[in-house]
Amino acid sequence: MKKGTRCTAFSLACLLAAAAPVNTWAAATDSPQFARSAEEWARLEDNKLEYDEIPDLIHEYNVTVLNNRTSYQDYLKDSPSDVAQRYRDAATELRNNIEYPDDPTDVSYATMLMAAQMNETQAQNLEKQADNNVEDSKSIYMQYQMVEANLVLSTKLNLISYYQKLLASQLTQENRALLDTRYQSAQVQASVGYATQMDVLNAKQALEQLDSSIISDDKEIMTLKQKICLATGWSYDADPEFGELPKLDPAQIDTIDLAADQAAALENNYTLKINQRKYTNSTDTAIKENLEKTIRDNQQKISSDITTKYQSLLTARASYELALTEQTIEAQTLAAAERKFQTGSASQLDYQQELYNMSAKNTAVETAKLSLLTAWETYNAAVNGLASAS
């Protein structure tokens, strides 16, 4: 069992969202003990979240995934006609419980009539779903696979974003120190007539605005941490250690074969495979024709999406390379500022400003590196089944 508590999941309609809490219970997996070695279980069940553990943690402990696995047992071995019968049975049960009011003078007549009519409409919709049903256990399973893959990707990206925001927070603290120095300097200068009270107020306001921003940033960091914890099996208020992110070599991008990846994306895409399965299951001519159009549209959009994400990857690499260049230039500027400060031709405040500028460029490099990792993960997830198909 993971440390902490877990939460119940929403229904299939909400499955692409992150697992949201309704109530809690101790986290558990339904995988048998022999499914992994003792060392693997120990690694998953410790209080440290490693980046490469995310797929396994979500598979074993994510509430949505666990609930989907349980729900899938209801669909196992079902044919499309079995699923259709489920809809019809639900419609029949709903109709059996409809009660139309017979006394128009009753104060609750309008409310009861509306409820009965709504139930009748819902029963009709269920019957329509039965007539149009093209799903079976295999298509349902693929939908659940897609949900799990989306959860893995979103959790990876949340962890990358978490580290990006930590970098930004550290830089903000340095900026605060600089603004505080400026505020104190303005006060001193105002006391001897070299600055106005307006200068002091402006410096104070800048400091207060930054403090407000710090509070907001801290909340965002905490929210990301809670999302990551919930997705991977901890309670929202747990405090696991987060491991390091993988280091991406930008040269790996040069090894990409775009045409081969487009072909792989078409073969792997969950949405396309689900629609192809529905087409196989369909017996209605009109539905088949619509699915044919949908499948062709899926294929075109998947190929286009891979190209778009590849271009985004190239753009992210270019941004990283630009950040490296600006870092080098700023290092030269800082060296010049340090010489001026040592010779007395630059003030302490001017030198502190250049130190902050150097920190900002260093942070920009690390942030761009993480943005490149985000683009890389997003591209690969698209190739492996998550390319946008609609």
Side-chain angles (χ1 to χ4, degrees), residues 157-228 237 239 242 244-245 250 312 315-375:
L157 300 189
N158 279 340
L159 185 56
I160 295 171
S161 181
Y162 173 81
Y163 277 108
Q164 284 180 313
K165 289 189 178 298
L166 284 182
L167 286 170
S169 177
Q170 292 166 5
L171 183 63
T172 301
Q173 291 298 334
E174 290 189 43
N175 191 23
R176 191 191 188 287
L178 176 61
L179 291 181
D180 187 53
T181 300
R182 287 191 179 282
Y183 174 51
Q184 293 177 27
S185 175
Q187 287 179 308
V188 170
Q189 289 182 333
S191 67
V192 294
Y194 287 108
T196 67
Q197 284 302 312
M198 182 59 68
D199 293 328
V200 174
L201 289 174
N202 287 339
K204 182 180 180 181
Q205 184 179 33
L207 190 60
E208 290 173 345
Q209 287 176 341
L210 190 64
D211 283 339
S212 177
S213 177
I214 288 172
I215 294 172
S216 176
D217 290 345
D218 287 345
K219 287 181 179 178
E220 288 185 18
I221 291 171
M222 181 57 67
T223 297
L224 277 171
K225 183 178 181 180
Q226 290 172 347
K227 287 181 178 179
I228 295 164
D237 57 349
D239 190 27
F242 289 169
E244 294 183 357
L245 297 175
S312 296
T315 299
R317 182 173 66 175
S319 296
Y320 172 60
E321 291 169 348
L322 177 60
L324 286 172
T325 300
E326 292 179 346
Q327 181 188 47
T328 300
I329 294 172
E330 183 57 39
Q332 296 169 351
T333 303
L334 176 61
E338 185 172 5
R339 289 192 296 270
K340 288 182 179 180
F341 176 64
Q342 289 174 345
T343 59
S345 59
S347 68
Q348 172 72 40
L349 190 56
D350 290 337
Y351 180 53
Q352 189 174 343
Q353 177 66 60
E354 286 304 328
L355 286 172
Y356 170 76
N357 291 346
M358 189 71 250
S359 292
K361 295 302 181 183
N362 292 338
T363 299
V365 168
E366 294 304 313
T367 300
K369 189 186 298 184
L370 295 184
S371 294
L372 181 58
L373 179 60
T374 292

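- Separation of atoms OG (Ser216) and CD1 (Ile221) is listed at 10.0 Å; rounding is to 0.5 Å.
- Ion pairing between a basic and an acidic side chain is recognised when a charged N comes within 4.0 Å of a carboxylate O; Arg176 and Asp211 show such pairing.
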Check the pair Asp180 / Leu207 against side-chain contact (heavy atoms from CB on, under 4.5 Å), numbers first and verdict last. CA-CA 7 Å; Asp180 187 53; Leu207 190 60; 3.7 Å; yes
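- Remark: Glu244 CD is loosely packed, at most 12 non-hydrogen atoms of other residues, nucleotides or ligands lying under 6.0 Å away.
- Sequence neighbours left out, the pairs with a member in residues 322-362 that pass ring pair (Phe, Tyr, Trp, His ring centres under 6.0 Å) are Phe341-Tyr351.
- Minimum interatomic distance between Leu372 and Pro250 (heavy atoms only, all atoms of both residues): CD2-CG, 4.0 Å.
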Would Gln348 and Ser185 satisfy side-chain hydrogen bond (donor to acceptor under 3.5 Å, both in side chains), going step by step from the backbone distance to the final call? CA-CA 11 Å; Gln348 172 72 40; Ser185 175; over 6 Å; no
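- The CG atom of Leu178 sits 9.5 Å away from the CD atom of Glu174 when rounded to the nearest 0.5 Å.
- For the pair Glu366/Gln164, no side-chain contact is recorded, criterion being any heavy-atom separation below 4.5 Å from C-beta on.
- For Ser345, the side-chain contact (heavy atoms from CB on, under 4.5 Å) criterion is met by Lys340, Thr343, not counting sequence neighbours.
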Under the side-chain hydrogen bond (donor to acceptor under 3.5 Å, both in side chains) criterion, do Asn362 and Gln327 qualify, and how do the steps go? CA-CA 6 Å; Asn362 292 338; Gln327 181 188 47; 2.8 Å; yes
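- Taking the side-chain contact (heavy atoms from CB on, under 4.5 Å) definition, one finds that Glu326 meets it with Leu322, Lys361, sequence neighbours left out.
- Within the 4.5 Å cutoff, the side chain of Gln205 has no heavy atoms near those of the Leu201 side chain.
- In this structure, Leu373 and Leu245 approach most closely via the heavy-atom pair CD2-CB, 4.2 Å.
- Of all heavy-atom pairs spanning Ala346 and Ala337, the tightest one is CB-O, 4.5 Å.
- Looking at heavy atoms from C-beta onward, Leu349 lies in side-chain contact with Arg182 at the 4.5 angstrom threshold.
- To the nearest 0.5 Å, the span separating CE on Met222 from CG on Asp217 amounts to 13.0 Å.
- In this structure, the salt bridge (charged side-chain N to carboxylate O under 4.0 Å, His left out) partners of Asp239, at least two apart in sequence or on a different chain, are Lys225.
- Contact of the Gln170 side chain with the Thr363 side chain is not registered, since no non-hydrogen atoms from C-beta on lie closer than 4.5 Å.
- For the pair Thr172/Leu210, a side-chain contact is recorded, criterion being any heavy-atom separation below 4.5 Å from C-beta on.
- The ring pair (Phe, Tyr, Trp, His ring centres under 6.0 Å) contacts involving residues 158-194 comprise Tyr162-Phe242, where partners must be two or more places apart or lie in separate chains.
- Between Gln189 and Asp199 the shortest side-chain heavy-atom distance does not fall below 4.5 Å.
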What's the verdict on side-chain contact (heavy atoms from CB on, under 4.5 Å) for Lys227 and Thr223, showing C-alpha distance, side-chain angles and the deciding distance? CA-CA 6 Å; Lys227 287 181 178 179; Thr223 297; 4.0 Å; yes
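- At distances below 3.5 Å, at least one donor-acceptor pair connects side-chain atoms of Thr374 with backbone N or O atoms of Leu370.
- The heavy-atom pair separating Ala190 from Thr196 by the smallest distance is CB-O, 4.3 Å.
- Note that CZ of Arg317 is 13.5 Å distant from OG of Ser312, once rounded to the nearest 0.5 Å.
- For Thr328, the side-chain contact (heavy atoms from CB on, under 4.5 Å) test picks out Gln332, with sequence neighbours left out.
- Closest non-hydrogen pair, Ala364 versus Ala323, comes out as O-CB, 4.0 Å.
- Summarising the geometry, atom CG belonging to Leu334 is positioned 10.0 Å from atom CZ belonging to Arg339; distances are rounded to the nearest 0.5 Å.
- At least one side-chain heavy atom of Ser161 sits less than 4.5 Å from a side-chain heavy atom of Lys165.
- Side-chain atoms of Ser212 never come within 3.5 Å of backbone atoms of Glu208 as a donor-acceptor pair (strictly under, hydrogens ignored).
- Here the straight-line distance linking atom CG of Asp218 with atom OG of Ser213 works out to 9.5 Å at 0.5 Å rounding.
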